[in-house]
Amino acid sequence: MTWDIKAGLMGKPERESAAYLLSFFPDIPLTLESYLEQRNPLQNAIWPTVPLLPGVRKLVLHLKAHNIPIAVATGSRRRNFELKTGHLGEVFGCFEGKVVCGDDTQYHMNSKPAPDVFLVAAREMLGRDVGRADTTPTERQVEERAKGLVFEDAILGMEAGKRAGMKVVWVPDAQLLELGYSGGEVADSIITSIENLFQRNGGCQHMTHSGLLICNK
């Protein structure tokens with residue numbers, strides 16, 4: 001799979017992502033259902049071995065140690081999220097169950113690049129008055145949204161964070177970055193690794209990225 005295809009998959013719900021992938025291979029005699037039936041068992045076996053991206057452990061533990069409110073806002077199905085993170089308890093335990101997943105139907109969310117998942121995470125998990133995606137925010141809610149800081153690797157996620165009115169640090173894979181981005185949303189910071197946020201002594205650098213973190217404390 002090339003990165004121009006993968007870029008369009010990242011952040012999409014499972015069925016939408018699968019349909020997008022299959023659209024590039026019209027000569028392969030696979031229905032969407034057949035593809036998912038064959039792929040999912042293989043994927044399920046791999047999820048529990050997925051490692052953290054470089055710097056993620058350090059960042060999450062740093063935020064937790066400084067009592068900065070944090071939550072996970074993911075487009076993944078909850079079952080997949082649990083398979084991916086079950087072996088990473090040291091890190092994901094820091095979120096204390098403050099997780100919103102794409103199939104949390106009680107919140108009636110649109111998928112990324114809509115801002116819903118980030119607003120729901122801020123409102124329902126962190127208790128912030130950020131309003132709802134389907135209503136016009138008040139001036140106070142706009143200010144509250146601007147206190148949020150999103151870390152995202154996918155284009156759709158970066159766009160969703162900006163549409164939520166939050167600051168976004170985009171951490172794309174280098175090959176994704178090479179493709180270029182021509183959309184209307186602009187990340188507040190772009191870094192190639194979360195490790196770049198830290199100095200050798202393990203503390204956050206005094207730069208734009210950590211300034212955003214401090215603002216959220």
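Just so you know, these numbers come straight off a predicted model, no measurement behind them. Values below: every heavy atom of this structure, side chains too, minus hydrogens, waters and symmetry copies.
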Give, for atom OG1 of T74 and atom CG of D103, the distance between the pair rounded to the nearest 0.5 Å.
-> 9.5 Å
Set of side-chain contact (heavy atoms from CB on, under 4.5 Å) partners for F24, sequence neighbours left out = I5, Y20
To the nearest 0.5 Å, what is the distance between CE (M10) and CG (L156)?
-> 9.0 Å
CD1-NZ distance between I46 and K84, expressed to the nearest 0.5 angstrom = 12.0 Å
Which atom names give the shortest non-hydrogen contact between V150 and G161, and what distance separates them?
-> CG2-CA, 4.3 Å
With R77, which residues qualify under salt bridge (Lys or Arg N to Asp or Glu O under 4.0 Å), at least two apart?
-> E14
Nearest heavy-atom neighbours spanning R128 and P69 = NH2-CG, 3.4 Å
Shortest non-hydrogen separation from A18 to L36 and the atoms involved | CB-CD2, 3.8 Å
Run the side chain to side chain contact (heavy atoms under 4.5 Å, CB included) check on E124 and V100 step by step: do they pass?
-> CA-CA 9 Å; E124 303 294 335; V100 178; 5.5 Å; no
CG of L149 to CG of L63: how many Å apart, nearest 0.5 Å?
-> 8.5 Å
Contact check, side chains of E33 and R15, non-hydrogen atoms, under 4.5 Å | yes
CD1 of I194 to NE2 of H62, rounded to nearest 0.5 Å, is 12.5 Å
Can you list the other members of the hydrophobic cluster that holds L83, where links are side-chain heavy atoms under 4.5 angstrom apart?
-> W47, V50
Quick check: does any side chain N or O of D129 sit under 3.5 Å from a backbone N or O of Q141, one acting as donor and the other as acceptor?
-> no
What is the minimum heavy-atom distance between S76 and C101, and which atoms define it?
-> O-CB, 3.3 Å
Nearest heavy-atom neighbours spanning E16 and S111 | OE1-OG, 4.1 Å
Determine, using the 4.5 Å side-chain heavy-atom cutoff (strictly less than), whether L88 and L61 are members of one ILVMFWY cluster.
-> no
Given L119 and R145, is the side chain to side chain contact (heavy atoms under 4.5 Å, CB included) satisfied, shown in steps?
-> CA-CA 8 Å; L119 294 175; R145 292 182 183 193; 3.6 Å; yes
Passes side chain to side chain contact (heavy atoms under 4.5 Å, CB included), L52 versus V91? Steps please.
-> CA-CA 9 Å; L52 292 167; V91 170; 3.5 Å; yes
Could you pull out the closest heavy-atom pair between A160 and A114, with the gap in Å?
-> CB-O, 3.3 Å
State which residues pass salt bridge (Lys or Arg N to Asp or Glu O under 4.0 Å) with E159; sequence neighbours excluded, sorted by chain then number.
-> none
Restricting to pairs with a member in residues 105-123, which pass salt bridge (charged side-chain N to carboxylate O under 4.0 Å, His left out), not counting sequence neighbours?
-> K112-E152
CZ (R39) with more than 12 external heavy atoms under 6.0 Å = yes
Would N80 and N44 count as a side chain to side chain contact (heavy atoms under 4.5 Å, CB included) if you check the C-alpha gap in whole Å, the side-chain angles of each, and the deciding distance to 0.1 Å?
-> CA-CA 8 Å; N80 288 349; N44 292 343; 4.2 Å; yes
Nearest-0.5 Å distance, OG1 of residue T192 to CH2 of residue W170 | 12.0 Å
Determine whether L9 and M158 fall in the same hydrophobic cluster, where Ile, Leu, Val, Met, Phe, Trp and Tyr are linked whenever their side-chain heavy atoms lie under 4.5 Å apart.
-> no
With I28 via side-chain contact (heavy atoms from CB on, under 4.5 Å) - residues at least two apart | F25, L30
Mind checking side-chain contact (heavy atoms from CB on, under 4.5 Å) for E178 and listing every partner two or more places apart, or none if nothing turns up?
-> none
Can you name the residues that form a side-chain contact (heavy atoms from CB on, under 4.5 Å) with K98, not counting sequence neighbours?
-> A71, E96, M125, L126
For T2, all residues meeting side-chain hydrogen bond (donor to acceptor under 3.5 Å, both in side chains), sequence neighbours excluded = D4
Is it the case that more than 12 heavy atoms not belonging to Q106 sit under 6.0 Å from its CD atom?
-> yes
If you look only at pairs with a residue in residues 95-142, which of them pass as a ring pair (Phe, Tyr, Trp, His ring centres under 6.0 Å), with sequence neighbours excluded?
-> F92-F95
Those residues at least two apart in sequence (or on a different chain) that pass salt bridge (Lys or Arg N to Asp or Glu O under 4.0 Å) with E90 are R57
Report yes or no: do V72 and I68 belong to one cluster of Ile/Leu/Val/Met/Phe/Trp/Tyr joined by side chain heavy-atom distances under 4.5 Å?
-> yes
Do side-chain atoms of K162 reach the backbone of A187 as a donor and acceptor pair under 3.5 angstrom?
-> no
For E185, the salt bridge (Lys or Arg N to Asp or Glu O under 4.0 Å) test, sequence neighbours excluded, returns R163
